[in-house]
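Mind having a look at this structure? Questions to follow.
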Protein chains: 4
Amino acid sequence: MIERQQVGRPRSEQARAAILHAVDDLVVESGYGAVTLKGIAERAGVSRQTIYRWWSTKAEILLEASAIDARQELQVPAHETPAEDVVAYLDALLAFLSTSDAGTAYRALVGEAQHDAKVAELLRDTDPVGQSAAEVIERALPGHEMRLPEATAELVGPVFFWVLSGRDPAELDTGRLAAAFLRNGPGVSRATAARRRGR
Amino acid sequence: MIERQQVGRPRSEQARAAILHAVDDLVVESGYGAVTLKGIAERAGVSRQTIYRWWSTKAEILLEASAIDARQELQVPAHETPAEDVVAYLDALLAFLSTSDAGTAYRALVGEAQHDAKVAELLRDTDPVGQSAAEVIERALPGHEMRLPEATAELVGPVFFWVLSGRDPAELDTGRLAAAFLRNGPGVSRATAARRRGR
Amino acid sequence: MIERQQVGRPRSEQARAAILHAVDDLVVESGYGAVTLKGIAERAGVSRQTIYRWWSTKAEILLEASAIDARQELQVPAHETPAEDVVAYLDALLAFLSTSDAGTAYRALVGEAQHDAKVAELLRDTDPVGQSAAEVIERALPGHEMRLPEATAELVGPVFFWVLSGRDPAELDTGRLAAAFLRNGPGVSRATAARRRGR
Amino acid sequence: MIERQQVGRPRSEQARAAILHAVDDLVVESGYGAVTLKGIAERAGVSRQTIYRWWSTKAEILLEASAIDARQELQVPAHETPAEDVVAYLDALLAFLSTSDAGTAYRALVGEAQHDAKVAELLRDTDPVGQSAAEVIERALPGHEMRLPEATAELVGPVFFWVLSGRDPAELDTGRLAAAFLRNGPGVSRATAARRRGR
DNA sequence: CGTTAAACGAGACGGTACGTCATGTCTTTCT
DNA sequence: AGAAAGACATGACGTACCGTCTCGTTTAACG
């Protein structure tokens, strides 16, 4: 059966963009607490109904508004040595969580997820932090013998905890964290690892 | 200076307890999102004004209601070996964060703290997780050479991330995490450490 | 100038009517003191916000709810002689002030006006008593030489005072009042007045 | 039987005076609407309970606070002719109602009385306006043949209505009102009245 | 090129929680 | 026993968003 050609006025791409931008701006300007559907609608010059037509949750909009930026900011170019790679990633992660707008949105979503199962699921599906971490591990430490989930948590957890528990990002020594992660990470003897890289 | 004799009707301890219990119950039953000052008041059989008289924020009440339990649940009795000690702590932390009522409150507070500076400060001052972690580290690894803040983050972070990012607590291998932490933790040779304890 | 096309959902006439009726009922049943915005809303099956959207004061609603009835009850059909006309009016006024629902509302408004300038102004603008009195004077005593404001006060004042100062309406002899008013009212000799009407 | 000796601390006359003054001041400064039991207590430096111990209504306090002043302000010294006497009284009444502090309180009480039967009764018992009017009538027009209640209403009503309905006191011509009242007041032929005075 | 139908803006509606305020009662200590 | 202090339950206030609901208008594809 052929899909009926779309009838009626098509969705306004302009409205969609305006809404996402409005959310972004509002989170940055006034913080998540001040993000209100009414506010978004007014800011975007859009009717409230239009928002409800396409999203069912404030979290959904926020996620859509920040997902792409998040992915980008956590994408770290490959470095020569695993150590450099890991440090670069941790720095990016720290900046993302503590400074970036997308990170603000992400933290807000994590917060919501603690008392909203739907948001939790949404976040689990997207998981920009977990995915980026896994990529880095696979790239920097091929052939490691760790279980990936635990490894991800070991890599990301300390920074995540640091920022979300309200500690000062400037005081975190990512070099030490990277070193510690690598020391026990590879799961192979250092000699072996050195040989591998050396050739 | 002598404290002024108390004048006027004294604060009702009964009301205070009722409020804290009500908050506890409501968080557990319906989640933080559903905790409403109106609801607390009704549940506790107390006037709204009485709540406002003593607390200025929902978060403050929640913190006071859960702080003691939190501290208790994260208090782990000493074990023979550092490894046992650390594993026991991580298990307690995992249970606290993922299962306990006080942990639910704590996670809710962390969530709020992401978009409410006052809550963030409140949480930084209390910080049951950070404190308990520091205690365990000092006890299990005396003479270690790590910077305590980073060490705390390394110990707690992975579990913290695991639970708050919505991963399944049952699938986390705390033994591996403990082992990894200890491998790079002491910063002194194992022999040295053993000798120290031996005397 | 052309009226702006209506945009958005139109005001619900049903809600408006329900509110006005509810106010009417409440004033009659429980007195003005017991009229509460919450009560009106519940009685009318309407949200509180809807009331605030259209009226800014309890008094405004009350005025709108009673103005039409007031005007009607103070409208007295013309009689043969000025004396009959005036007596009929005074009786209507007495009944209005002491018995009628609209009168109850009016007295409540006068009461409010004594300590609320906004209500006072509102009342001055509408002034069903003053207006009806002026009409009667002009009709019953054409060509009189009194200053209308004072004449109005002379006509209405005694009854107004009687009722508002809590005297028993049954004991007021409106015939005497009418006679007194007419005796000094016309300001022209009775003969002259009669001649004028005669032609 | 001998009166039981008074036991315990006697009522503080100082507190009583402070309360009455506070009420007076508050009515004058901020209007009746702003008079609050809490406010009175604070202003008088008195506990709220003390007020409740001696008065049961805000109106009662207000009445007690203003009754003496009211009586005094409506007491008009005798004049040579009835006309002068009546005009003087009407002027005093106008000033009382529209300007005086005690008058403000009185009007507020009349307002309350419209929707509070207790206040109405209280006011009927005291009735400074009615009493003063009756005195003036008896003094200025001895031997008149009017029914006193109606006469009182005729004398007082127009001014009462004028002020309470929010008309401008400056625009009221009390001379005309007095003349009108006197013209039909005596209830005896003018000749007779003239003769009486003439001798 | 007119009809049809969905998207859109505006904004009113019933709800519900907010934080504040005043009320009248109560429980202390002090006088 | 009276008084000051102040906590308490109650309940209205006016405000803010929520999510839903009409309206009239706009913008396509369809016939």
Side-chain angles (χ1 to χ4, degrees), chain A residues 4-16 34-42 44-54 56-58, chain B residues 4-16 34-42 44-54 56-58, chain C residues 4-16 34-42 44-54 56-58, chain D residues 6-12 14-15 34-42 44-54 56-58:
Chain A
R4 170 132 161 65
Q5 267 287 87
Q6 99 104 32
V7 154
R9 181 173 178 174
R11 173 173 184 183
S12 157
E13 180 53 34
Q14 184 183 330
R16 180 179 166 276
V35 175
T36 236
L37 262 166
K38 205 191 168 209
I40 299 171
E42 276 165 12
V46 142
S47 125
R48 228 129 38 91
Q49 190 59 47
T50 299
I51 304 183
Y52 284 115
R53 217 188 315 271
W54 303 111
S56 50
T57 312
K58 206 157 66 176
Chain B
R4 168 132 165 64
Q5 268 286 84
Q6 101 103 32
V7 148
R9 180 172 177 174
R11 174 172 184 183
S12 156
E13 181 53 34
Q14 184 182 330
R16 180 178 166 277
V35 174
T36 230
L37 261 165
K38 204 190 170 212
I40 299 170
E42 276 164 12
V46 140
S47 122
R48 288 221 304 298
Q49 190 59 47
T50 297
I51 304 184
Y52 284 116
R53 215 190 316 275
W54 303 109
S56 51
T57 310
K58 212 158 61 175
Chain C
R4 169 140 164 56
Q5 270 286 88
Q6 103 103 36
V7 146
R9 181 174 176 172
R11 174 171 183 185
S12 158
E13 180 54 34
Q14 184 183 327
R16 180 179 165 275
V35 174
T36 233
L37 260 164
K38 205 190 169 211
I40 300 170
E42 276 164 13
V46 140
S47 121
R48 230 132 39 87
Q49 189 58 46
T50 297
I51 304 184
Y52 285 115
R53 216 190 314 274
W54 301 109
S56 50
T57 310
K58 213 158 60 175
Chain D
Q6 100 105 36
V7 155
R9 184 170 174 176
R11 174 173 183 182
S12 156
Q14 184 183 329
V35 175
T36 241
L37 263 166
K38 207 188 166 209
I40 299 171
E42 276 165 13
V46 141
S47 119
R48 231 132 31 98
Q49 191 58 45
T50 300
I51 304 183
Y52 284 116
R53 218 187 313 271
W54 302 111
S56 52
T57 311
K58 207 158 63 176

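Letters A, B, ... mirror the listed sequences (proteins, then strands); counts begin at 1. None of the values given here were measured: they were computed from a predicted structure. Values below: all heavy atoms of this structure, side chains included; hydrogens, waters and symmetry mates excluded.
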Assert: residue with more 5' nearest nucleotide on DNA chain F, out of B/Arg11 and C/Gly8, is B/Arg11

Under 4.0 Å between a side-chain N/O of C/Ser47 and OP1 or OP2 of E/dT16, yes or no?
no

Polar pairs (N or O, both sides) under 3.5 Å between protein and nucleotides 1-3 of chain E?
none

OP1 or OP2 of F/dA9 versus the side-chain N and O atoms of B/Thr50: is any pair under 4.0 Å?
yes

Which residues share a side chain to side chain contact (heavy atoms under 4.5 Å, CB included) with C/Ser12, sequence neighbours left out:
C/Gln14, C/Ala15

Rounded to the nearest angstrom, tell me the gap between atom CZ in C/Arg53 and atom P in F/dG14.
16 Å

5' precedence on DNA chain E between C/Arg9 and C/Gly45 (nearest-nucleotide basis):
C/Arg9

Checking B/Gln49 now: which residues fulfil side chain to side chain contact (heavy atoms under 4.5 Å, CB included) with it, not counting sequence neighbours?
B/Ser47, B/Tyr52, B/Arg53

Rounded interatomic separation in angstrom, taking CD1 from D/Ile40 and P from E/dG24
11 Å

If I take atom CD in residue B/Glu13 and atom P in nucleotide F/dA7, what distance separates them, rounded to the nearest angstrom?
15 Å

Just jot down the side chain to side chain contact (heavy atoms under 4.5 Å, CB included) partners of D/Thr57, sequence neighbours excluded, or say none.
D/Ala59, D/Glu60

Whole angstroms only, please: what is the CD-P distance between C/Gln14 and F/dC21?
16 Å

All N/O contacts under 3.5 Å from nucleotides 17-20 of chain E to the protein, with atom names and distances to one decimal?
| from | atom 1 | to | atom 2 | distance (Å) |
| --- | --- | --- | --- | --- |
| E/dA17 | OP2 | B/Lys38 | NZ | 3.3 |
| E/dA17 | O3' | B/Thr36 | OG1 | 2.8 |
| E/dA17 | N6 | C/Arg48 | NH2 | 3.2 |
| E/dC18 | OP1 | B/Leu37 | N | 2.8 |
| E/dC18 | OP2 | B/Leu37 | N | 3.0 |
| E/dC18 | OP2 | B/Lys38 | N | 2.8 |
| E/dG19 | OP2 | B/Tyr52 | OH | 2.7 |
| E/dG19 | O5' | B/Tyr52 | OH | 3.4 |
| E/dG19 | N7 | B/Arg48 | NH2 | 3.3 |
| E/dG19 | O6 | B/Arg48 | NH2 | 2.6 |

Tell me every residue that passes salt bridge (charged side-chain N to carboxylate O under 4.0 Å, His left out) with B/Arg16, counting only those two or more places apart in sequence or in another chain.
B/Glu13, B/Glu64

Based on the rotation axes of five pairs at each end, what angle does the helix from E/dC1-F/dG31 to E/dT31-F/dA1 bend through, to 10°?
10°

By side chain to side chain contact (heavy atoms under 4.5 Å, CB included) - contacts of C/Ala41 (at least two apart)
C/Arg48, C/Ile51

C/Trp54 side-chain N/O to E/dA12 phosphate OP1/OP2 under 4.0 Å
no

Rounded to whole Å, how long is the line connecting atom CD1 of D/Ile51 with atom P of E/dA22?
14 Å

